[in-house]
4 protein chains.
Amino acid sequence: MFYRIDTKSPTPLYEQLIFQIKELYIQGILEPGEKLPSIRELSSVILVNPNTVSKAYQELERQGIIYTERGRGTFLTDNTALLEKAPERMEIKNQLRELVLRSRRCGIAKSELLHWVETASEEVQS
Amino acid sequence: MFYRIDTKSPTPLYEQLIFQIKELYIQGILEPGEKLPSIRELSSVILVNPNTVSKAYQELERQGIIYTERGRGTFLTDNTALLEKAPERMEIKNQLRELVLRSRRCGIAKSELLHWVETASEEVQS
Amino acid sequence: MFYRIDTKSPTPLYEQLIFQIKELYIQGILEPGEKLPSIRELSSVILVNPNTVSKAYQELERQGIIYTERGRGTFLTDNTALLEKAPERMEIKNQLRELVLRSRRCGIAKSELLHWVETASEEVQS
Amino acid sequence: MFYRIDTKSPTPLYEQLIFQIKELYIQGILEPGEKLPSIRELSSVILVNPNTVSKAYQELERQGIIYTERGRGTFLTDNTALLEKAPERMEIKNQLRELVLRSRRCGIAKSELLHWVETASEEVQS
DNA sequence: GTGGTCTAGACCACT
DNA sequence: GTGGTCTAGACCACT
């Protein structure tokens, strides 16, 4: 199975799930229209509380990545916007990794990088 | 005064203080050997509990940025290693800001960036 | 239960906890992967404020002895480096006790021993 | 001058003074009967509050190393017991330094050594 | 329930 | 006055 979460990571489990499903979708492993596993099924597979899976699905629905049909299940939308941006996402992700590497070499702590992302995000927002 | 914290930010107050003092030090506004305001003084200036300032000072001491003299106060060390890396720090910070901007344009959420920094950090560590 | 602290000792409570958990781990009484009691539980067992236990846990995490899973609890890492050094630690501890005994016989105060350890540590560091 | 104190050391200034005067006495640099500098004089030389010097002198007097004559000054006693134990003191000090070195090599923190000295002292006392 | 952060306030040793 | 430790208790996100 390709769903996997790391309970030791500082990233909340439900966010890990969100990122993973998005990633699988962008990489074409999951396709538009495809049915996702039910909350109970997925929670038993990845050994996580059903509430955690539910929270992830709700957020994905809010982002327009999935939709639910009462009684039938949860399905991936045909989100072309997201798919089109896949290459740029990849690039940003790689450049971020590059920066993390350089940071390590000059002794910048992870907490500092995270804080810089926070502050830059706030500036951009306003 | 140049110390300021933002109670609305998701970054913990004590971390904001750590980052700020480091930044002031790197920019040369605070100089090696200089005495920092006492815990009580600073806490009354920035309207924060003394324990919060204390936590920040203790972490800075752990990082070798400051040292304390019992009954006398807290002073900045002569941390040449940190000062020498100032330009590269600046550059990394700027490139990070650039990435945040680009991310915004293609709809990547802040939480996603934070998670990528987390995962990249873990990979680098091992 | 094996957790116990001495409020009359000059060693801070949180340090006593750190030393004790490390000791239990090294002696194999606590094992890698094992879950430590929750902060609230332990604090109620040893009659200490939760913040004090928290401080000890955070320092142990900094030392790589334990890790925390958000919302789940605190667990012992598989710190082989520490376990391998157990015999030498034991030996050093014993020889230290021997020196303390001899010191007592020729009227050397505890404070003097502590100071010698301090100064020797500083010399070694540089 | 041979009196020197280190304000950055975690050892209290008045204890540093005590240790230093004792050391100078044991090494024969200060001799029995010799007059020590007055509190005001010494405090101005080593740039320390007079109260700190006073506290050191009081403790040395309590230990029978010095005595004061009202209006004349402070003098070193003829403490043969202390002088006779000088070689063993030296040896213990050296062995302690050796242990500190070994500790460093197997990652034992200074705080741990200090704690072991504390606990061993308590055991011996009882 | 779990740990993380923060406040208010006390007490202590050292200067 | 200075930092260090500790308590009591609140609030938060995550599970």
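As a basis for the values below, the full set of heavy atoms in this structure was taken, side chains included, without hydrogen atoms, waters or symmetry mates. Residue numbers start from 1 in every chain, and the chains themselves are labelled A, B, ... in the order their sequence lines are given, proteins ahead of strands.
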(request) Tell me whether the OP1 or OP2 atom of E:dT2 has a side-chain N or O from C:S38 closer than 4.0 Å. (result) yes
(request) Would you list the pairs meeting side chain to side chain donor-acceptor pair (under 3.5 Å) in which at least one residue belongs to residues 56-73 of chain B, sequence neighbours left out? (result) B:K22-B:Q63, B:S54-B:Q58, B:E59-B:R62, B:E59-B:Q63, B:E69-D:T7
(request) May I have the distance from C:Y57 (atom OH) to E:dT5 (atom P), rounded to whole angstrom? (result) 16 Å
(request) Could you tell me the separation between the CZ atom of B:F75 and the P atom of F:dT2, rounded to a whole number of Å? (result) 10 Å
(request) Give the C-alpha distance, both sets of side-chain angles, the deciding distance and a yes or no for side chain to side chain contact (heavy atoms under 4.5 Å, CB included) between D:L36 and D:I66. (result) CA-CA 9 Å; D:L36 284 176; D:I66 66 177; 3.7 Å; yes
(request) Could you tell me the separation between the CD atom of B:Q16 and the C1' atom of E:dC6, rounded to a whole number of Å? (result) 13 Å
(message) Check the phosphate of E:dG3 against C:S54, side-chain N and O only, distance under 4.0 Å to OP1 or OP2. Yes or no?
(response) no
(request) Please report the C-alpha distance between A:L13 and A:I46 in whole Å, then the side-chain angles of each, then the deciding distance to 0.1 Å, and finally whether the side chain to side chain contact (heavy atoms under 4.5 Å, CB included) criterion is met. (result) CA-CA 10 Å; A:L13 304 188; A:I46 59 179; over 6 Å; no
(request) Considering just the side-chain nitrogens and oxygens of B:Q58, establish if one lies under 4.0 Å of OP1 or OP2 belonging to F:dG3. (result) no
(request) In whole angstrom, give the distance that lies between atom CD of C:E61 and atom P of E:dG4. (result) 6 Å
(message) I'd like to compare against my own output: the B/S/- annotation of nucleotides 7-15 of chain F with a strict under-4.0 Å heavy-atom distance to protein.
(response) BBB----BS
(request) State whether the side chain of B:Q20 and the backbone N or O of B:R4 hold a donor-acceptor pair below 3.5 Å, judged by distance alone. (result) yes
(request) For C:I5 and F:dT5, give me the distance from atom CD1 to atom C1', rounded to whole Å. (result) 13 Å
(request) Take the protein atom CD of C:E69 and the nucleotide atom P of E:dG3, then report the distance between them rounded to whole Å. (result) 11 Å
(request) Please check the phosphate of F:dG3 (OP1 and OP2 only) for any side-chain N or O of B:T74 closer than 4.0 Å. (result) yes
(request) Find the distance C:L60:CG to E:dG3:C1' and express it as a whole number of Å. (result) 14 Å
Would you tabulate the side-chain donor-acceptor contacts of residues 23-34 of chain C under 3.5 Å, counting partners in other chains and residues two or more places apart, or write 'none'?
| from | atom 1 | to | atom 2 | distance (Å) |
| --- | --- | --- | --- | --- |
| C:E23 | OE2 | C:K93 | NZ | 3.3 |
| C:Y25 | OH | C:T77 | O | 2.8 |
| C:Y25 | OH | C:N79 | N | 2.8 |
| C:E34 | OE1 | C:E31 | N | 2.8 |

(message) B:D6: which residues meet the side-chain hydrogen bond (donor to acceptor under 3.5 Å, both in side chains) condition with it, sequence neighbours left out?
(response) none
(request) Applying side chain to side chain contact (heavy atoms under 4.5 Å, CB included), name anything that partners C:S43, two or more places apart in sequence or on another chain. (result) C:P50, C:V53
(request) Heavy atoms only: give me the nearest C:E15-D:S111 pair and the separation to one decimal. (result) OE2-CB, 4.4 Å
(message) Please report the distance, rounded to the nearest Å, between CD1 in C:I66 and C1' in E:dG4.
(response) 13 Å
(request) Could you provide the dot-bracket string of DNA chain E, using ( ) for intrastrand pairs, [ ] for crossing pairs and | for bases paired to another strand, with Watson-Crick or G-U pairs below 3.5 Å? (result) ||||||||||||||.
(request) Keeping the roles fixed (side chain from D:T52, backbone from D:V48), state whether a donor-acceptor pair exists under 3.5 Å. (result) no
